[in-house]
There are 2 protein chains.
Amino acid sequence: MATIYEVADKAGVSLSTVSRVLNGKTTVNPALKAKVEEAMLALNYRPNSIARSLATSRSDSVGILVSELNSPFFGDLMQAVELTLRAADKHVIITVGHNNLETEQDAVEFLIGRNCDAIIMHAEAMSDEYLKTLNSSRLPISLVNRQVDGVGEGCIVLDNEKGGYLATQHLISLGHKNIGYISGPSDKCDANQRLAGHKRALKEAGIAFTPNLVFEGSYTEEDGKAGLLELLSGDSPFSALVCANDWMASGAMSCARDLGMNLPQDLSIVGFDDAVFAHHVFPRLTTVSNPISDMAAMSARHILNVVYGYKDEVQTLFQPSLIIRESTMAYEA
Amino acid sequence: MATIYEVADKAGVSLSTVSRVLNGKTTVNPALKAKVEEAMLALNYRPNSIARSLATSRSDSVGILVSELNSPFFGDLMQAVELTLRAADKHVIITVGHNNLETEQDAVEFLIGRNCDAIIMHAEAMSDEYLKTLNSSRLPISLVNRQVDGVGEGCIVLDNEKGGYLATQHLISLGHKNIGYISGPSDKCDANQRLAGHKRALKEAGIAFTPNLVFEGSYTEEDGKAGLLELLSGDSPFSALVCANDWMASGAMSCARDLGMNLPQDLSIVGFDDAVFAHHVFPRLTTVSNPISDMAAMSARHILNVVYGYKDEVQTLFQPSLIIRESTMAYEA
DNA sequence: CTGTTAGCGCTTTCAT
DNA sequence: ATGAAAGCGCTAACAG
């Protein structure tokens, strides 16, 4: 790989001149500039971004931290961030936290070591403290799906409470009165908010909340199944079920079918997230949309503002909306 | 961030000593070593991998090039590579090619500029030439799902022909004689191989190949629909359909249902890849497994061998297998 | 075994 | 507008 020296040599100028045409910040004599460009072409010169990064302690790339690489949710998140940043000529460095504290911290240190200009993350295990400290160091962060005081506009969140409300309210409007709820893990803030929304809808409709009718899962397909089984074995009957995400809804659906139930006649089910497969399941799943792509893009935009001097509006709170498909129907006595 | 100088200072040694304990290649006086480690701890020292990379032109990280970030297929690929490499303490830098020549080349140059020690890629647009050149430069590459002479063991491929054969053969064994085929784009090698397998199964069973019964799509859900419609409008009836991937199968299935067909009674369908959603569709999809995770992991292992001195066996050809679910059934006259 | 000294390829004052 | 020179944080000969 040709270096800037060789280019300077070939063009008969100093390396600072080459550097200048490279960065285009200051003006360079057109004639020299042409020579330099010619030399770069001839030598097939590619600037070494490592060297540049060492010299500037910038890198024109932002880190992303996701929990998993192979989930539709994180797929959408990564895709949106990458697209937004690519449009601004920034690169993206993806790391994985595997939902584990140590791995998440490793990932962040990797990114710091790589001179990332900022980090966009979906951190599940890290403490608020750590995140706050991180953000107040010279490395801006943006948190998707998590609210941490002290990170301010960097937090891009969904109104989960509203989503939970929407799901349950939909069922109530369909005439259901006994509604089961399969929740996410209670140490996840989004899970609690969704559940809170569920309770609010119940309360608003004058329906008493029945603790027996909620099962706490961990967002997996298996837990959807386990949850349904558990709820069914209890002594509180129900004609509808809301699941705090689509995976659990899918698990509950196939379990219900295995049990010989007819969907949605015997049980109305609503999910949450509108994952890609929501319209693949049968019956197609009524769910609450989670505009993760928009949120991720916004997160990227915030970073663009903060570190690269852009001046776009940023919206920090996103609204979910109900997507009615075929997995829910009116209550039949 | 503390530098190696400050550590050396604090520990009262030279920076080379610090460098030595850092890399652990040569022996260092235990007493000094302890001092250094203490100093590192006190200063919360983190080596700057950029600087190290500039000095060594190595980076302990390997690049990955995928076509998309948000597809189950590439999700599995990335996940497997990341896991394998993480276990060997290597990092991964992911880039996206968007199925576009220029973007793919950009991505590769980004990776080169970042001093990646190797690249694992699923390159769709790049020419064999380019790939070969790349590989013969000092940067080893590994190609998943693509065979390029000159890259040798770096090519990790699936026996696509076998897969196509399996799919069709399954249908034939079920008594079907008129079998539609929705193919992938004919400029994709895997698509052609799968089709070739289909033809072989037909021939072996003494069934004449009917060009009218094949539709060329581009692996999208929409094309599954378009394909079915096109085939249905033709004058060659068929009782079964093989789709060259699960997306198209899914599209064909929902289209068929929209048309009022009963599945699988009116039409048996088999897919290819065994994507996550294959068991979400209804009826659950009979398909051909594509062991992409294993292949990706193998690809990583090959890189580990070539650039980091590991000595594992590598297998370059993988076999697909038939996964029978509920979307296919015996032919009824 | 330890310290000194050059770089790695580029940016960035500082003069000119 | 251009060039010379210092330095980003680290590794790797080379002496000692």
Side-chain angles (χ1 to χ4, degrees), chain A residues 1-37 39-40 43-61 91 109-117 138-139, chain B residues 1-37 39-40 43-61 91 109-117 138-139:
Chain A
M1 266 296 162
T3 77
I4 201 173
Y5 278 93
E6 307 174 40
V7 175
D9 231 49
K10 180 142 196 155
V13 299
S14 81
L15 84 172
S16 353
T17 303
V18 178
S19 177
R20 283 182 186 109
V21 346
L22 215 49
N23 296 298
K25 301 304 284 182
T26 58
T27 31
V28 175
N29 182 314
L32 289 190
K33 183 172 174 179
K35 272 190 177 174
V36 169
E37 280 166 345
M40 296 204 289
L43 266 45
N44 187 237
Y45 170 74
R46 305 275 152 218
N48 177 325
S49 54
I50 294 280
R52 172 187 304 212
S53 188
L54 183 60
T56 57
S57 63
R58 299 266 254 106
S59 64
D60 279 337
S61 60
H91 275 275
E109 296 204 333
F110 173 74
L111 293 175
I112 295 177
R114 285 269 156 193
N115 271 358
C116 279
D117 300 335
R138 60 153 199 68
L139 183 76
Chain B
M1 266 297 161
T3 77
I4 200 173
Y5 277 94
E6 307 175 39
V7 175
D9 232 49
K10 178 140 197 157
V13 299
S14 81
L15 84 172
S16 356
T17 303
V18 178
S19 177
R20 281 180 188 114
V21 347
L22 215 50
N23 296 300
K25 300 306 281 182
T26 59
T27 29
V28 176
N29 182 314
L32 290 190
K33 183 171 175 182
K35 271 189 176 176
V36 169
E37 280 167 345
M40 297 205 288
L43 268 45
N44 188 238
Y45 170 74
R46 303 276 150 218
N48 178 324
S49 53
I50 294 281
R52 170 187 307 208
S53 188
L54 183 59
T56 58
S57 64
R58 297 267 254 109
S59 65
D60 279 337
S61 60
H91 275 274
E109 294 204 333
F110 172 74
L111 293 175
I112 295 177
R114 287 260 147 197
N115 272 357
C116 279
D117 300 334
R138 63 156 195 68
L139 183 76

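All values derive from a computational prediction rather than experimental measurement. Letters A, B, ... mirror the listed sequences (proteins, then strands); counts begin at 1.
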Check your understanding: So does B/Thr56 reach the base of D/dA12 with its side chain, donor to acceptor, closer than 3.5 Å?
Key -> no
Check your understanding: Donor-acceptor pair under 3.5 Å: do we get one between A/Ser16's side chain and the base of C/dT11?
Key -> no
Review point. Which is true for A/Val18 with a 4.0 Å heavy-atom rule: it touches a base, it touches only sugar-phosphate, or it touches nothing?
Key: nothing
Send over the distance from [X] [atom1] to [N] [atom2], rounded to a whole Å.
{"X": "A/Asn29", "N": "C/dT16", "atom1": "CG", "atom2": "P", "value": "22 Å"}
{"X": "A/Leu54", "N": "C/dT11", "atom1": "CG", "atom2": "P", "value": "11 Å"}
{"X": "B/Lys35", "N": "C/dC1", "atom1": "NZ", "atom2": "P", "value": "17 Å"}
{"X": "B/Tyr5", "N": "D/dC10", "atom1": "OH", "atom2": "P", "value": "9 Å"}
{"X": "A/Arg46", "N": "C/dC10", "atom1": "CZ", "atom2": "C1'", "value": "17 Å"}
{"X": "A/Asn115", "N": "D/dC10", "atom1": "CG", "atom2": "C1'", "value": "13 Å"}

Please determine if a side-chain N or O atom of [X] lies less than 4.0 Å away from the OP1 or OP2 oxygen of [N].
{"X": "A/Ser14", "N": "D/dG3", "value": "yes"}
{"X": "A/Ser19", "N": "C/dC10", "value": "no"}
{"X": "B/Asn48", "N": "D/dC8", "value": "no"}

Taking the minimum atom-to-atom distance to the side chain of [X], which one of [options] wins?
{"X": "A/Leu22", "options": "C/dT11, C/dG3, D/dT11", "value": "C/dT11"}
{"X": "A/Thr17", "options": "C/dC10, D/dT2, C/dC1", "value": "D/dT2"}
{"X": "A/Leu15", "options": "C/dC10, D/dC10, C/dG3", "value": "C/dC10"}

Exercise for review: Take B/Arg20 and B/Ile50, find for each the nucleotide of DNA chain D with the closest heavy atom, and name the residue whose nucleotide sits nearer the 5' end.
Suggested key: B/Ile50
Revision key, fill the gap. Applying side-chain contact (heavy atoms from CB on, under 4.5 Å) to B/Ser53 and not counting sequence neighbours gives A/Ile50, B/Ser59, B/Asn115
Check your understanding: Please, which pairs that meet salt bridge (charged side-chain N to carboxylate O under 4.0 Å, His left out) have at least one residue in residues 9-18 of chain A, sequence neighbours excluded?
Key -> none
